[in-house]
Amino acid sequence: AQTVTQSQPEMSVQEAETVTLSCTYDTSESDYYLFWYKQPPSRQMILVIRQEAYKQQNATENRFSVNFQKAAKSFSLKISDSQLGDAAMYFCAYKGVRGGSEKLVFGKGTKLTVNP
Amino acid sequence: ETGVTQSPTHLIKTRGQQVTLRCSSQSGHNTVSWYQQALGQGPQFIFQYYREEENGRGNFPPRFSGLQFPNYSSELNVNALELDDSALYLCASSPRAGAYQETQYFGPGTRLLVL
């Protein structure tokens with residue numbers, strides 16, 4: 001079974017600085033997707049960024065970028081120019097492509113605090 | 001474009017009761033997945049529905065059941081509620097074309113408290 005590990009329960013960053021959140025995963029599949037979701041106190045899970053495993057190029061969405069290391073099964077999220085609104089729980093998630101159900105497997109999350 | 005909606009937002013039940021949670025998928029999305037998120041944890045997959053059929057199930061007992069309707073909205077039913085069922089229940093919808101399922105988009109969740 002696939003597993004996702006987020007080793008940093010909490011992280012903090014100063015406003016306008018850069019922070020990197022770590023994620024590792026375990027799978028025997030060669031094709032899959034990886035996601036970072038953000039969950040603010042309002043509870044709604046919001047998609048931050050997505051990476052297809054077959055793509056070597058790291059995904060980027062504005063201030064958010066990933067470092068995808070397929071061989072190391074590592075998928076870190078870098079937030080540049082951190083803003084107060086970035087404060088939230090961040091979840092790393094894996095989704096396979098085999099079979100009839102492509103469920104998301106989540107890590108336990110990293111709580112990000114942004115200090116003014 | 002309307003996003004994923006869920007109702008109710010909060011619910012309080014007592015042990016042994018039954019509960020029904022509802023989810024309306026985002027326009028154009030034909031697949032609905034349900035997740036349980038206990039306090040301080042990541043979401044856990046309950047099951048998924050595609051074209052009104054269950055399309056995969058996580059490690060949850062049969063007292064967790066669901067439905068999907070022709071308009072792709074969905075219900076999650078939990079019978080014989082236990083204290084450990086207290087959690088945030090998240091619904092996610094996604095478009096699916098053939099064997100390929102796209103990214104899942106989440107609703108705001110229903111907070112269930114079992115006393």
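Only heavy atoms go into these numbers, but all of them, side chains included; no hydrogens, no water, no symmetry mates. Residue numbers start from 1 in every chain, and the chains themselves are labelled A, B, ... in the order their sequence lines are given, proteins ahead of strands.
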*A:Leu84-A:Val13 co-clustered via ILVMFWY side chain contacts under 4.5 Å*: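 Yes: a chain of side-chain contacts under 4.5 Å links A:Leu84 to A:Val13.
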*What heavy-atom pair brings A:Phe91 and B:Gly42 nearest, and what distance separates the two atoms?*
CE2-CA, 3.4 Å
_Looking at every heavy atom in both A:Phe35 and B:Thr103, which two are closest together, and how far apart are they?_
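Distance-wise, the nearest heavy atoms are CE2-OG1, 3.6 Å.
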Enclosure of [X] [atom1] (heavy-atom neighbours >12, cutoff 6.0 Å):
X: A:Lys111; atom1: NZ; result: no
X: B:Tyr72; atom1: OH; result: no
X: B:Arg15; atom1: CZ; result: no
X: A:Asn62; atom1: CG; result: no
X: A:Lys78; atom1: NZ; result: no
X: A:Arg63; atom1: CZ; result: yes
X: A:Lys108; atom1: NZ; result: no

Distance check, rounded to the nearest 0.5 Å: [X] atom [atom1] versus [Y] atom [atom2]?
X: A:Tyr37; Y: B:Gln104; atom1: OH; atom2: CD; result: 6.0 Å
X: A:Lys103; Y: B:Gln44; atom1: NZ; atom2: CD; result: 9.0 Å
X: A:Lys95; Y: B:Ser94; atom1: NZ; atom2: OG; result: 7.5 Å
X: A:Phe106; Y: B:Leu90; atom1: CZ; atom2: CG; result: 8.0 Å

*Where does A:Leu47 contact chain B at under 4.5 Å (heavy atoms): side chain, backbone, both or neither?*
side chain
*Quick one: what part of A:Gln6 sits under 4.5 Å from any heavy atom of chain B, side chain, backbone, both or neither?*
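Neither the backbone nor the side chain of A:Gln6 comes within 4.5 Å of chain B.
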_Contact origin within B:Tyr35 toward chain A - heavy atom pairs under 4.5 Å_ = side chain
*What part of B:Glu54 is in contact with chain A, defined as an atom under 4.5 angstrom from a non-hydrogen atom: side chain, backbone, both or neither?*
neither
*Between A:Arg43 and B:Arg111, is any pair of side-chain heavy atoms under 4.5 Å apart?*
yes
_Within-4.5 Å side-chain heavy-atom neighbours: B:Leu88 and A:Met45_ =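 In short, these two side chains do not touch, never coming nearer than 4.5 Å.
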